Amino acid sequence: MAFTAETLAADDRFLAAILHCADQMLTIYRESPRIASIFAAQQRWLMAHAGFALHYGQPDDGKSGLYSGRFIDFAVRNDIASRNTAAAFMQEMLAYRFLRPVPGPDKRTRYLEPTETAEEHFTRWLVAHLTILDSLDGGERAGKVSADPSAMMAAIQPRIARSIIGSEAVRNPGPTFNLFNWANTGGLVMDYLISRLPEFPRTAERVVVGPLSLREIREQFMISNTHLKRLLTQAANMESVGWTEPSRKGDFWLSRRFILEYWNYQAAKFAIIDAAAEAVLGPAVLDEPQARRVV
């Protein structure tokens, strides 16, 4: 049986998992800022998942094929983006060569498909998450997907996309998470802040992460000084982040509420990924009580 969000959220080992996940996203960004920009804000991330799912064919949908009209209608119907935003995203993916035209059954429609670069990075995203799940229970999900990545992505990703798009816990985990994740590049800034956590005592109201260099963040994520300061000021006004001394001096801290929003979001996301993998690959382990025991 797949992990539940509640089981993951209650497991203290999951902190190491989410820190590793944050590091993985930052590594992808450093290697390929353009492809990582898709993961940098929730709206773009959801649109990317929607595009892949439409290309592969959603489970039980009985229809596959990606083209602008279908994608835009899907994005609007599922409250992901406006028509203009969805159309602009498609054009951007074509310009960056993450999408390309392909022949389709209807010659009047311009069909599209993800390029090898886009598929490779999305497969990497999936394998990174499955590797983390394997580390929690000794499963072999990542190895099975890596053995036949194209077929496994086509089978698993639409299930993930459908569940993520329909999940309130993933799409609306809390006000501070939403502040960062709906802002341009804000998701990467949030991953960076979380990756600085040394530990997370669950009773602590604040966790100090040490000195914070705004210049380092600006240069690393190509975010403007104005945009970054606005994000941090809004988060500070929500008492979700702050400094130990006035005027942004001293060490930086994250609030318990903010960390739990991120923690619970990751738990919900990983549970969705595990359920999709189990539906395609079968149970990850046979000794269920032992494998799922929370430590």
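All of these numbers come straight from a predicted model, not from anything done at the bench. Numbers here simply count residues along the sequence, with the first being 1.
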Under the side chain to side chain contact (heavy atoms under 4.5 Å, CB included) rule, what do Arg196 and Leu212 come out as? Steps first, then yes or no, please.
CA-CA 10 Å; Arg196 298 282 305 276; Leu212 189 70; 3.7 Å; yes
With side-chain contact (heavy atoms from CB on, under 4.5 Å) as the test, pick out the partner of Leu99 among Met90, His55, Glu113.
Met90
Sequence neighbours excluded, the answer for salt bridge (charged side-chain N to carboxylate O under 4.0 Å, His left out) partners of Arg206 is none
Tell me, with the steps shown, if Glu140 and Leu281 meet side chain to side chain contact (heavy atoms under 4.5 Å, CB included).
CA-CA 10 Å; Glu140 298 179 348; Leu281 304 174; over 6 Å; no
Phe3/Phe14 aromatic ring centres below 6.0 Å
no
Quick one: side-chain hydrogen bond (donor to acceptor under 3.5 Å, both in side chains) partners of Gln220, sequence neighbours excluded?
Arg30
Listed partners of Glu31 passing side chain to side chain contact (heavy atoms under 4.5 Å, CB included), at least two apart
Thr27, Arg124
Nearest 0.5 Å, please: how far is [atom2] in [Y] from [atom1] in [X]?
X      : Y      : atom1 : atom2 : value
Glu239 : Trp253 : CD    : CH2   : 6.5 Å
Leu126 : Met152 : CG    : CE    : 10.0 Å
Ile223 : Leu188 : CD1   : CG    : 9.0 Å

Would you please classify the geometry between the His49 ring and the Trp45 ring as parallel, tilted or perpendicular, with 30° and 60° separating the classes?
perpendicular
In terms of relative ring orientation, are His129 and Phe270 parallel, tilted or perpendicular, with 30° and 60° separating the classes?
tilted
Does [X] have any ring pair (Phe, Tyr, Trp, His ring centres under 6.0 Å) partners at least two apart in sequence or in another chain, and if so, which?
X      : result
Phe89  : none
His121 : none
Trp243 : Phe252

Ignoring hydrogens and angles, tell me if any N or O in the side chain of Asp134 forms a donor-acceptor pair with the backbone of Arg141 under 3.5 Å.
yes
Following the transitive rule for hydrophobic clusters with a side-chain heavy-atom cut-off under 4.5 Å over Ile, Leu, Val, Met, Phe, Trp and Tyr, establish whether Trp125 and Tyr96 coincide in one cluster.
yes
Are any non-hydrogen side-chain atoms of Leu232 and Leu214 less than 4.5 angstrom apart?
yes
